[in-house]
Amino acid sequence: MRKKIVAGNWKMNKSLQEGIELAKEVNNRVKALAPSQTLIILGTPFIHLSEVNKIADSVAISAQNCATEVSGAYTGEVSAAMIASTGCQYVILGHSERRSYYGETDEILQKKVMRALENNLDIIFCVGEVLADREAGKHFDIVKSQLENGLFNLSAEQFTHIIIAYEPVWAIGTGKTATSAQAEEMHQFIRATIASRYGEKTADDTSILYGGSCNAKNADELFSQPNVDGGLIGGASLKADDFLAIINARQKH
Ligand code: PEP
């Protein structure tokens, strides 16, 4: 059975102290929901990982990136092994901000995926089209090629460590959300694409999250779709009340 997941992506927000406060509040409020059927993940900046891990007993922790290389003279980089050494269990890879601002290609992402798997990190792998691609009717082709070129070199066993996040770039941080029908249509397509490479069972077991201006108001409708297994939440993960409202919406279905 695939997991229901609500993951926050804090991006480059929160001082260490602010991050610890937010993580404590979310962790305690999630604990009060127990038993929760939803896996909650906090995607924090690198410097928060170790401290947040010390207080997190009801939520899991994710990094937002990792290096392509194992170790060595790569000033400013953070390796997957370093991330794992903080107690962190997940890493977000392929976010559209990394693809577009930092030139992360499918080849670069393949290397990062390998480093993460070598260090027993599960991966939230982001895919999604820009507005021009959707308007040109190319959104399915774009997402298919991101999956094929970024992930489909993995073995079936390795693929069990992948969570997909469908994040239409035109919906990220813009206040424009995909309709639940658009999200469901793409999630179905992603699941079918996974099935064609890894088989129905693996596709059924893969959690596929929606991301892009998901908030307390629209989460309920999005999560009511059968192929939307949860959300990757940016802006609304920075306030405990908003994030908890989204978690509660996920719990309902
Ligand atoms: C994201 O960047 O992963 C994201 C979904 O952002 P937002 O929720 O702010 O659109």
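All ligand and atom numbering here is 1-based and tracks the order in the structure. What's counted below: heavy atoms across the whole structure, side chains too, no hydrogens, waters or symmetry copies.
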Can you sort out which atoms of ligand 1 are near [X], meaning under 4.0 Å from one of its heavy atoms?
X: Gly173; result: 7 (P), 9 (O), 10 (O)
X: Asn9; result: 1 (C), 2 (O), 3 (O)
X: Ala171; result: 10 (O)
X: Gly212; result: 5 (C), 10 (O)
X: Gly211; result: 5 (C)
X: Leu232; result: 3 (O), 5 (C)

Is the shortest N/O to N/O distance between Glu167 and ligand 1 below 3.5 Å? yes
Please say whether Gly234 places an N or O atom under 3.5 Å from an N or O atom belonging to ligand 1.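 Yes; at least one N/O pair falls below 3.5 Å.
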Does the side chain of Asp242 pick up a donor-acceptor pair with the side chain of Asn215 at under 3.5 Å? no
Intermediate values then yes/no, ring pair (Phe, Tyr, Trp, His ring centres under 6.0 Å), Phe152 and Tyr198: CA-CA 9 Å; Phe152 282 7; Tyr198 293 103; 5.5 Å; yes
How close do Leu22 and Lys239 get, counting heavy atoms only, and between which atoms?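 So the minimum-distance heavy-atom pair works out to CD1-C, 4.3 Å.
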In terms of heavy-atom contacts, Lys14 and Glu18 come closest through CA-OE1, 3.4 Å
Without placing hydrogens or testing angles, list every side-chain donor-acceptor pair under 3.5 Å for residues 163-177, not counting sequence neighbours.
from, atom 1, to, atom 2, distance (Å)
Tyr166, OH, Glu129, OE1, 2.8
Tyr166, OH, Glu129, OE2, 3.0
Tyr166, OH, Arg134, NH2, 3.2
Glu167, OE1, His95, NE2, 3.3
Trp170, NE1, Glu129, OE2, 2.9
Thr174, OG1, Trp170, O, 2.8
Thr174, OG1, Ala171, O, 3.3
Thr174, OG1, Lys176, N, 3.1
Thr177, OG1, Ser213, O, 3.2
Thr177, OG1, Asn218, ND2, 3.0

Quick check: does any side chain N or O of Arg191 sit under 3.5 Å from a backbone N or O of Thr206, one acting as donor and the other as acceptor? yes
Among all protein non-hydrogen atoms, which one is nearest to atom 9 (O) of ligand 1, and what is the separation to 0.1 Å? Gly235 N, 2.9 Å
Considering only protein heavy atoms, which is closest to atom 1 (C) of ligand 1, and at what distance to one decimal place?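 The answer is His95 NE2, 3.2 Å.
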